[in-house]
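Here the structure is laid out as structure tokens; the discussion comes afterwards.
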Protein chains: 2
Amino acid sequence: MQALAQSHAFQPVPASHIHANNILNGPGALTTYSADEEIYGQGERAGTLYEVRYGAVRLYRLLSDGRRQVVAFHFAGETFGFEAEGVHSFFAEAIVETGLRKVVTHTNNNINPEMLALALRGMVRAQQHLLVVGRQCATEKLGAFLLDLAARQGDPDRIDLPMTRLDIGDYLGMTIETVSRSISKLKAAGILKLHSLRSVEILKVEKLRQICE
Amino acid sequence: MQALAQSHAFQPVPASHIHANNILNGPGALTTYSADEEIYGQGERAGTLYEVRYGAVRLYRLLSDGRRQVVAFHFAGETFGFEAEGVHSFFAEAIVETGLRKVVTHTNNNINPEMLALALRGMVRAQQHLLVVGRQCATEKLGAFLLDLAARQGDPDRIDLPMTRLDIGDYLGMTIETVSRSISKLKAAGILKLHSLRSVEILKVEKLRQICE
DNA sequence: CGATATTTTGAGCGGAGTCAACTCTGGTGG
DNA sequence: CCACCAGAGTTGACTCCGCTCAAAATATCG
């Protein structure tokens with residue numbers, strides 16, 4: 001079990017890892033990935049899109065100084081893998097046990113019109129992320145992040161956090177300590193309740209929304 | 001694209017604010033906007049895409065607390081106006097005197113395949129922006145911003161800054177004072193040279209790239 | 001040339017980063 | 001079943017960068 005050994009060393013790929021299990025081959029096939037397994041790497045040839053059937057995925061880039069910027073999380077029902085050039089500019093990894101389905105992008109040389117809609121949704125998501133990261137206050141960032149997750153996961157006040165605090169920090173541009181302190185602050189204010197480390201309940205959605213707008 | 005024709009087009013706009021002048025009507029027509037004129041507003045019905053022929057455009061959103069997040073700048077040759085929903089989620093304004101051309105998105109109910117490429121480029125741009133804003137140090141943010149502008153404007157070491165310090169600050173998530181201080185710092189380090197407030201020369205591209213990676 | 005807006009610079013303060021210690025959780029094996 | 005342990009998360013002390021408020025300098029426009 002490699003677990004989260006990358007905690008402080010963001011080595012792209014652990015040497016020995018179980019390869020993804022591709023039950024079928026081709027579009028519609030379900031491929032399963034275990035936690036922390038790489039789906040594709042920065043620099044690899046792009047082309048295939050993936051739809052998340054279950055689990056969660058993180059997209060990130062490594063900076064030369066060792067820092068890591070998580071650019072997106074993806075959950076069940078969402079599609080990722082878009083690239084403008086022919087090469088992936090990010091790493092994609094499964095956060096937990098995850099099932100992916102390859103998406104058909106072309107049908108006999110014609111671009112599937114649904115691709116445009118998906119690409120646009122991806123752009124809006126990135127811009128939305130920008131609005132969150134651009135905020136100044138750490139608590140605001142975290143609150144906005146939680147509200148976004150709640151909306152995407154369907155349940156308005158119960159949130160599943162498959163990712164670690166480090167993932168959240170690298171996504172929001174803050175340290176794990178600050179992530180933790182922000183959670184504690186919202187907890188102390190009676191806005192959040194943690195059922196476990198990875199399961200959050202929003203007790204006062206409106207109050208949180210006020211803070212994060 | 002005819003590179004930097006807008007280089008010195010930043011002359012103060014005639015005071016008598018001429019309203020956008022639409023010479024023709026329909027795709028291919030050139031519409032001109034004076035400085036600070038609105039192109040479209042948040043909430044307006046979307047649908048049309050615009051290609052910048054000359055000048056510069058800012059896209060931004062207003063937050064309820066009065067702050068403003070600039071999500072993108074667009075220069076000659078770039079296309080903007082994409083939306084996932086049918087409504088614009090941002091304001092678009094001309095920064096200086098700007099000429100826009102409407103882009104044909106559909107040809108008899110078929111999506112122009114080039115749209116997908118443009119949308120993808122927009123998404124990558126937003127993710128790139130994210131990497132910059134996610135950086136911690138203010139000087140790094142500014143440096144990365146300048147390197148991005150240099151690459152987009154064609155000239156590797158001469159940059160036009162049609163936007164104000166406030167625009168830059170709202171784009172990078174920092175105050176105008178910090179923007180100014182960061183510029184001064186890079187100037188003191190011999191990395192930048194200001195020919196005017198709106199014209200920057202990068203003296204040591206490599207050194208700047210080291211800082212900002 | 002004067003009036004206004006923009007930019008720069010300065011002083012002080014607060015929030016987030018850093019370093020470090022401690023606690024909690026889940027998994028393993030005796 | 002429980003003791004143990006490694007990794008994850010929390011909390012505390014301190015520092016420093018960037019925000020705030022304020023004022024000076026520069027640019028722009030009538």
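A, B, ... follow the sequence lines: proteins, then strands. Residue 1 opens every chain. Side-chain atoms are counted along with the backbone in the values below, which use heavy atoms only and exclude waters and symmetry mates.
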Donor + acceptor pair across side chains of B:Gln42, B:Ser89 (<3.5 Å): no
Mark yes or no: B:Arg58 above the aromatic ring of B:Phe73, with NZ or CZ under 6.0 Å from the six-membered ring centre and no more than 45 degrees from the axis. no
In this structure, how many angstroms lie between the P atom of D:dA27 and the CG atom of B:Leu194, rounded? 10 Å
Round to the nearest Å and state the distance from B:Arg135 atom CZ to D:dG18 atom P. 13 Å
Atom CG of A:Leu161 and atom P of C:dT25: how far apart are they, to the nearest Å? 16 Å
Quiz question: by atom type and distance under 3.5 Å, do the side chains of B:Glu93 and B:Tyr60 form a donor-acceptor pair? yes
Taking any heavy-atom pair under 4.0 Å as a contact, classify A:Ser184: base, sugar-phosphate, or nothing. sugar-phosphate
Would you kindly give the CG-to-P distance between A:Leu192 and D:dG9, to the nearest whole Å? 16 Å
Considering every strand and a 4.0 Å limit on heavy-atom distances, what is the contact class for B:Thr164: base, sugar-phosphate, or nothing? sugar-phosphate
Can a donor-acceptor pair be found between the side chains of A:Glu177 and A:Ser180 at a distance below 3.5 Å? no
Taking only N/O atoms, report every protein-nucleotides 12-16 of chain C pair under 3.5 Å with atom names and distance.
residue : atom : partner  : partner atom : Å
C:dA16  : OP1  : A:Ala138 : N            : 2.9

With a 3.5 Å cut-off and no angle check, do the side chains of B:Thr175 and B:Thr178 form a donor-acceptor pair? yes
What is the separation between atom CG on B:Leu166 and atom P on D:dA27, rounded to the nearest whole Å? 20 Å
Look at the rings of B:Tyr171 and B:Phe145 and say which category their plane angle falls in: under 30° parallel, 30 to 60° tilted, over 60° perpendicular. tilted
Short side-chain N/O contact to C:dT7 OP1/OP2 from B:Arg198, under 4.0 Å: yes
When the rotation axes relating C1' atoms of four end pairs to the next four are compared across the helix from C:dC1-D:dG30 to C:dG30-D:dC1, five pairs an end, they differ to 10° by 40°
So for A:Arg181 and D:dG12, does any side-chain atom that can act as donor or acceptor lie under 3.5 Å from a complementary atom in the base? yes
Let me know the distance between CD of A:Glu177 and P of D:dT15, rounded to the nearest Å. 17 Å
Are B:Arg61 and B:Phe90 in a cation-pi contact, defined as NZ or CZ under 6.0 Å from the six-membered ring centre and within 45° of the axis? yes
Is the shortest heavy-atom distance from the side chain of B:Ile39 to the side chain of B:Tyr50 under 4.5 Å? yes
Using whole Å, report how far CD1 of B:Ile183 lies from C1' of D:dA25. 16 Å
Determine the interplanar angle of the A:His88 and A:Tyr40 rings, folded into 0 to 90°, and report it as parallel if under 30°, tilted if 30 to 60°, perpendicular if over 60°. parallel
Can you figure out which of C:dT7, D:dT10, C:dT9 approaches the side chain of A:Arg165 most closely? D:dT10
Figure out the CG/C1' separation between B:Asp170 and D:dG18, and round it to whole Å. 15 Å
